[in-house]
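One structure is given below, represented as structure tokens, and several questions about it will come after.
What's counted below: heavy atoms across the whole structure, side chains too, no hydrogens, waters or symmetry copies. We name chains A, B, ... by the order of the sequence lines, and we start the count at 1 in each one.
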Amino acid sequence: MCSLSNEITYPTVDVDAIRSKINDDSVRLIDVRREEDYNQGHIPNAVNLPLASLLSGDSPESAVKLFEELGIADDTKVVVYDDTFGALASRVAWTLQYIGHKNVALLEVTYSQWKELGLKTSTEKPNIKSTKHSLNLNPEIMATAEYLENAKEKDNVVLIDNRERLNFLEQHIPGSINIPYRTLATDGKILRTKESMRNLLKNRGIPEDAEIITYCGSVGTLSGLAYYALKSIGVPNVKLYVNSFKEWKKLEKPVGKQENAAYWDLSAE
Amino acid sequence: MNLKMAQQLRPSKSASKKPKIDWSRREEADNFAHTVKLYRQGKIDHDNFRRFRLQHGAYGTRMTDDYAMVRIKIPAGQIYPHQLEKIAQLSEMYSIGSAHVSTRENVQLHWVVLEDVSEIMHGLADVGLTSREACGNTVRNVMCSPLSGVCNDEEFDATPYAIATARFLLRNPLNQSLPRKFKFNFSCCEKHGMTRIVDVGLIPQIRKLDDKTMQHGFKIFLGGGLGNKSFVGHQLEDFTPEEDLLYTSIAVLQIFDRIGDRKNMARNRMRYLVNEMGWDKFKNLVLKERTIVRATQSVIIRLNINKKSNEIKRPISVSSENGSIPDGYARWLKTTTYKQKQEGYRAVFVTLESGDITANQLRAMADITKDFSAEGFARNGFSQDIILRYVHESDLPKLYSRLLEVGLANSGSLTMASAVGCSGTSSCNLALTNSHRLAKEIQRKFLELKLDDDDDLRDATIKISGCPNSCGQHEIATIGFFGGGARVGKDMYPNYSMSLGGRFDDKSMLGVTCIRVPVKRTIPVILKIIELYKKNKQSDDTLSRWIDRIVHGNESSEIKSVKDMQKVLSPLVVPPSKDDDPDFYADYGSDTSYHTVTGKGECAA
């Protein structure tokens with residue numbers, strides 16, 4: 001997992017590795033921004049997959065079809081980036097893993113940071129030939145509401161809410177702890193250094209061999225980023241509660257709240 | 001000279017300035033993390049842990065042991081651009097995405113997971129800041145007037161003395177376990193500081209000696225303070241030469257440490273000691289102790305005063321094309337800026353609603369400080385505000401536009417409109433009401449009615465505390481409020497006790513209790529007072545002077561006394577029935593019926 005320059009590493013890839021692989025057909029870069037942003041400029045040879053397109057038919061079969069259209073075969077090395085702290089890219093990368101794709105990673109920076117580094121961009125769209133991808137579901141990285149409800153009572157399971165602090169205080173899944181997604185990044189990178197990520201878990205008393213389930217507000221983006229932050233330090237058993245708090249509330253499951261304090265009034269928003 | 005040439009002749013843009021002093025100790029962060037672990041494992045008891053936590057600047061949070069408030073000390077209020085940026089980042093990572101500027105020049109991060117406090121301490125160490133001794137029974141942040149160095153009425157700049165005092169005392173064994181917290185305030189002049197409402201207040205003074213040399217020194221006030229019971233400080237002597245500043249400080253701290261009350265937590269600030277002993281006796285004790293301190297130093301100790309003046313270098317304008325000036329500029333200019341003694345420069349007071357500022361606004365303030373302040377840093381003020389000094393007058397329209405873009409261009413920071421509110425039920429264990437939100441509501445109403453633009457109201461103040469303790473400094477406000485609960489039958493509603501006529505200048509006095517006002521009637525009552533003033537004012541009058549005459553019984557119009565005022569206002573404060581007006585029974589920021597819940601306060605811990 002060490003980051004040898006010019007190698008595609010997992011789960012994040014450094015900028016130099018991508019620069020040297022831009023014209024390599026065995027690597028597919030996915031840009032997870034809106035189409036109009038992509039059209040105004042993107043990393044050379046990147047294809048566009050707005051998160052909305054993926055979510056519009058979020059069945060494994062429709063996901064496979066989308067990735068096939070982007071020219072992604074079983075052995076294609078995929079690298080994903082966005083401009084939303086890596087959260088949307090994480091959700092796309094996680095979906096690839098969920099349908100059984102082995103070789104997928106996140107670019108360590110966002111598109112804005114890529115540009116700030118003065119690196120090349122392009123408005124040209126690459127010519128992509130559609131291909132075939134198999135479907136081998138990887139259910140152990142996904143949590144459903146039902147699974148979560150049972151699992152969270154167990155001693156070795158930790159449930160992490162990645163929404164912002166005030167949202168968490170107002171309502172959350174009982175028994176969860178809060179690590180806001182902003183905590184996961186560092187200056188200029190979408191993820192913390194491994195050392196500081198380990199330190200955060202250590203301070204919070206979260207054992208790395210626990211089963212960790214992450215969730216956020218609605219579709220598993222912020223918690224997708226947390227999934228990869230945990231994977232970056234090699235936590236073996238991480239699951240994404242992909243339908244997150246929105247579904248939990250819709251199912252009218254119990255909700256926890258920090259009572260008797262008007263914390264929202266401290267916000268200057 | 002044409003515009004282009006003028007631009008070329010300007011100095012180049014200065015890089016982000018770095019502070020002269022690193023207040024941090026990184027090992028304290030690791031020690032804190034370790035101690036939290038021991039506490040969670042039950043190896044340290046609750047009281048010991050609380051003392052340790054407070055010593056390191058982490059305060060308890062309302063109704064929970066899981067969260068803390070981290071109070072970042074900003075000595076003399078001086079805060080640098082990269083420090084603002086770091087606090088922005090820390091607020092997003094570990095707090096609520098907003099930070100809070102306090103009335104004592106600190107910056108507070110609320111609702112921090114206790115286990116994350118050490119991460120914040122590490123982040124602070126990156127930029128030379130500390131939260132050490134920001135809470136607990138220690139010498140708290142040493143304050144200095146945000147106008148020190150630029151004030152037209154000051155005799156000299158007290159800032160280097162404030163910084164040196166903070167430096168001498170931080171982590172000094174002398175103040176690690178005092179009977180109670182201890183506060184130092186330095187001012188520039190009589191008007192701009194709060195020297196008579198703290199344990200030690202200092203105003204710079206120069207006197208001419210017989211040999212015609214000029215000697216620097218201070219007027220020192222001791223034993224003031226606001227709280228459940230408040231006192232105005234006493235002046236120690238006519239003139240305290242600067243050489244005696246440190247000896248006096250040590251003497252006072254030692255006396256308090258030795259004979260201050262360590263048992264009765266509610267009455268153990270130094271002001272109670274002064275009050276019980278009597279001022280003359282206390283004064284003599286201080287003078288005697290100072291002689292001993294001076295005579296018995298084992299090593300020469302002195303304050304390390306860095307009098308090298310800060311470099312003043314006007315940043316080059318990012319672009320000098322003169323766009324149109326946005327609406328509201330004249331009002332903003334009049335109500336938020338102060339003409340410095342330095343020709344061509346102004347200090348700009350950026351008002352924040354109850355001191356709250358978002359992470360993005362903090363980042364914008366960092367950039368704006370770099371782009372507009374010729375001294376390259378900002379100063380936190382006494383009124384939950386941030387002051388940008390050394391802004392060249394010709395850059396003011398541009399600064400206004402920049403502040404407007406990020407929602408920081410509210411007018412009225414130097415007027416009655418910028419109400420102060422403590423954190424109240426938004427985070428404090430002791431709070432009975434949401435004073436924090438009430439201050440915001442009042443400020444919004446004042447701005448909506450353009451009352452900030454009214455010269456008659458300019459020198460008046462509104463300050464609000466959420467309980468009888470005075471974190472919101474209500475007792476020194478022209479109109480002050482502190483929160484409590486009241487009831488009609490079995491229905492409770494939030495209620496404020498209103499005082500009038502408080503002030504903190506050379507005629508410092510505590511406000512006089514007038515009437516109890518239900519929270520949803522506070523704004524109508526304030527507006528009624530203004531209306532009464534307008535009706536009865538003399539020519540060339542101000543609201544604060546009118547109220548001053550009323551509280552002293554010197555007013556000749558229809559309202560001659562506080563009692564008269566009470567009578568006129570009383571119809572406004574009658575509670576309606578709950579069926580008629582359910583909103584009356586709810587506090588701001590809550591849609592449920594009001595009830596009081598409090599936890600254990602930690603001011604006394």
Partner chain A: residue of B:Q361, B:H34, B:E353, B:M63 with the largest heavy-atom pair count (under 4.5 Å): B:M63

Minimum side-chain heavy-atom gap A:T144-A:Y241 below 4.5 Å: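 They are not in contact (no side-chain heavy atoms under 4.5 Å apart), so the answer is no.
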
Closest approach of B:N434 to B:G589 (non-hydrogen atoms, all atoms of both residues):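 The pair with the smallest heavy-atom distance is ND2-CA, 4.2 Å.
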
A:L106 side chain reached by A:P11 side chain, heavy atoms, under 4.5 Å: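 Contact flag for A:P11/A:L106 side chains = no.
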
Residue part contacting chain B, namely of A:L200, when any heavy atom lies under 4.5 Å: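 Contact with chain B: backbone and side chain both.
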
Other residues, nucleotides, ligands: >12 heavy atoms within 6.0 Å of A:K152 NZ: yes

Set of residues satisfying ring-ring contact (aromatic ring centres under 6.0 Å, His included) with respect to B:Y496, sequence neighbours excluded: none

Residue, of B:V36, B:D587, B:D116, that accumulates the most heavy atom pairs under 4.5 Å with chain A: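 If we count pairs closer than 4.5 Å to chain A, B:D116 comes out on top.
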
Kindly list each side-chain donor-acceptor pair under 3.5 angstrom involving residues 88-97 of chain B, sequence neighbours excluded, with atom names and distances?
residue : atom : partner : partner atom : Å
B:Q89   : OE1  : B:K86   : NZ           : 3.1
B:Q89   : NE2  : A:D187  : OD1          : 2.8
B:S91   : OG   : B:A88   : O            : 2.8
B:E92   : OE1  : B:R363  : NH2          : 2.7
B:Y94   : OH   : A:R192  : NH2          : 2.3
B:Y94   : OH   : B:E119  : OE1          : 2.8
B:S95   : OG   : B:H110  : N            : 3.3
B:S95   : OG   : B:H110  : O            : 2.7

Side chain, backbone, both or neither of A:Y181 within contact of chain B (heavy atoms, under 4.5 Å): neither

Part of residues 260-269 of chain A lying next to chain B, heavy-atom separation under 4.5 Å: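 Near chain B, by residue number: A:N260, A:A261, A:A262, A:Y263, A:D265, A:L266, A:S267, A:A268, A:E269.
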
pair B:I523-B:I442: side-chain heavy atoms closer than 4.5 Å: yes

Results of ring-ring contact (aromatic ring centres under 6.0 Å, His included) for B:Y585 - residues two or more places apart only: B:Y493

Chain A contact via B:S118 - which portion, at a heavy-atom distance below 4.5 Å: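 Looking at B:S118, just its side chain touches chain A.
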
Minimum heavy-atom distance A:F168-A:S176, with the two atoms named: CE1-OG, 3.3 Å

Region of B:S98 in contact with chain A, defined by heavy-atom distances below 4.5 Å: side chain

Interface moiety of B:V113 toward chain A, non-hydrogen atoms closer than 4.5 Å: both

